[in-house]
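Scroll down for the structure; my scribbles are underneath it.
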2 protein chains.
Amino acid sequence: MRKDSRLSRVLHILVHLDAAEQAATSEQMAQMLQTNPVVVRRTMALLRERGYVQSSKGHKGGWSLAKPLAQITLLDIHQALGDSSVFTIGLTDEHTNCPIEHAVNAALKDVMDEAENLMIKRFGEITLDVLSQQFSKH
Amino acid sequence: MRKDSRLSRVLHILVHLDAAEQAATSEQMAQMLQTNPVVVRRTMALLRERGYVQSSKGHKGGWSLAKPLAQITLLDIHQALGDSSVFTIGLTDEHTNCPIEHAVNAALKDVMDEAENLMIKRFGEITLDVLSQQFSKH
DNA sequence: CCATTAAGTAACTTTTATTGTTACATTAAA
DNA sequence: TTTAATGTAACAATAAAAGTTACTTAATGG
């Protein structure tokens, strides 16, 4: 199943940004992630909308943090990237009048909701400065 | 993100099979799921390998349960379909020597593992006869 | 004030795994 | 021996993310 690696990638960028002295360009980040500047802008734009980063155009322009890492959680970034479900398991709703399908989907949904809620809770407990400190230890 | 709806679909089939008097053909199941008989065979073959269903060729052939629903859990079926990760969130491992990437991925992996373990635990607790009873109530 | 450097963005292409399809072989029952 | 079913290989269609191109806008420095 295809994976969405935007969360992992953008977190990587944010921790680097924190360590950087000046704004980083999309071009630089793209090289770091072995991708394309436009892809970087697309993803970073979602974080800017929520006020986690800021961008400036022109000479000496680029991206920088708009908030300290200690004030951003994994959940914040996860949500900024869009709220599509985190599971590869999909429910079918082809026959909305089939009671068996209802029972099956209800059972699966219960479990998935519980697991997603746990994940969201944990993500909300982890701020990005912790990640930064973790790597500094080495 | 693309969803894998095989679990939901195949559970639907299994509960129907339990209620059925005789073997059901791939063709019939395909119509039920609005899909193709070959797709049905592909998925059902994975369950047969684990001994949850059996198939017979020729006249009056088709698929039937090889075990009572009470002896099959959601987890059994989930695992029979393959053990690919249940999350749409992917980790990048482009720079295996970047300590920041390591810290980011470790944090994400911890949380995802915890959530997946919870899901697996719950799936293991639910047998398919429960789904069958649930729908019979209505 | 103009050249350069950067982001913003729309439109399009590529990629890749699932899903769907076709075609044919095999098997079993009537 | 015909018919109805699965088994399976090979190929096509689909869809979403990721990548790319091309152009616009904006800000800085000389």
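Only this structure's heavy atoms are used, side chains among them; waters, hydrogens and symmetry mates stay out. In the text below, chain A, chain B and the rest are named by the order of the sequence lines, each starting its count at 1.
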Does L46(B) have any side chain to side chain contact (heavy atoms under 4.5 Å, CB included) partners at least two apart in sequence or in another chain, and if so, which?
R6(B), E49(B), L81(B)

Connecting only ILVMFWY residues whose side-chain heavy atoms lie within less than 4.5 Å of each other, what is the rest of L118(B)'s hydrophobic cluster?
L118(A)

With the sugar-phosphate defined as primed atoms, P, OP1 and OP2, and the base as all remaining atoms, what B/S/- string results for nucleotides 22-30 of chain D, 5' to 3', for protein heavy atoms under 4.0 Å?
---BBBB--

Partners meeting side chain to side chain contact (heavy atoms under 4.5 Å, CB included) with D110(B) (sequence neighbours left out):
none

Interatomic distance where CD belongs to Q28(A) and P belongs to dA7(C) [whole Å]
8 Å

Would you mind reading off the distance between E27(B) atom CD and dG20(C) atom C1', rounded to a whole angstrom?
14 Å

With a cut-off of less than 4.0 Å, is there a side-chain N or O of S55(A) near OP1 or OP2 of dA7(C)?
no

May I ask you to verify if any side-chain N or O of T25(B) is less than 4.0 angstrom from the OP1 or OP2 atom of dA5(D)?
no

Determine to 10° how strongly the helix from dC1(C)-dG30(D) to dA30(C)-dT1(D) is bent, judged from the axes of its five-pair ends.
0°

Results of ring-ring contact (aromatic ring centres under 6.0 Å, His included) for Y52(B) - residues two or more places apart only:
none

Partners meeting salt bridge (charged side-chain N to carboxylate O under 4.0 Å, His left out) with K109(B) (sequence neighbours left out):
D113(B)

To the nearest angstrom, the CD-P distance between Q54(A) and dG8(C) comes to 12 Å

Could you tabulate the donor-acceptor pairs under 3.5 Å formed by side-chain atoms of residues 55-68 of chain B, not counting sequence neighbours?
residue : atom : partner : partner atom : Å
S55(B)  : OG   : R48(B)  : NH1          : 2.9
W63(B)  : NE1  : S26(B)  : OG           : 2.9

Mind checking whether L128(A) and L74(A) have side chains closer than 4.5 Å, heavy atoms only?
yes

note: Q34(B), atom CD; dG20(C), atom P; distance rounded to Å ~ 10 Å

If only side-chain N and O atoms count, and only distance matters, is there a donor-acceptor pair under 3.5 Å linking T73(B) with D76(B)?
yes

Does dA18(D) have OP1 or OP2 under 4.0 Å away from a side-chain N or O of T35(A)?
no

Using a 4.0 Å cut-off on heavy atoms, which residues in residues 43-53 of chain A reach DNA chain C? List them by number, or say none.
R48(A)

Between P of dA5(D) and CE of M29(B), the distance in whole Å:
12 Å

When you compare the side chain of I13(B) with that of R9(B), does any pair of heavy atoms fall below 4.5 Å?
no

R122(A): partners by salt bridge (charged side-chain N to carboxylate O under 4.0 Å, His left out), with sequence neighbours left out:
E125(A), E114(B)

Sequence neighbours excluded, which residues qualify as side chain to side chain contact (heavy atoms under 4.5 Å, CB included) partners of A23(B)?
none

Which pairs, with at least one residue in residues 105-124 of chain B and sequence neighbours excluded, count as a ring pair (Phe, Tyr, Trp, His ring centres under 6.0 Å)?
H78(B)-F123(B)

Separation of dT18(C) atom C1' from N36(B) atom CG, nearest Å, is 13 Å

Measure the distance from CD1 on I89(A) to P on dA17(C) and round it to the nearest whole Å.
19 Å

note: D4(B), atom CG; dG20(C), atom P; distance rounded to Å ~ 11 Å

Is there a donor and acceptor pair closer than 3.5 Å between the side chain of R42(A) and the base of dG19(D)?
yes

Counting heavy atoms from C-beta on, name the nucleotide in dT6(D), dA18(D), dA7(C) closest to the side chain of W63(B).
dT6(D)

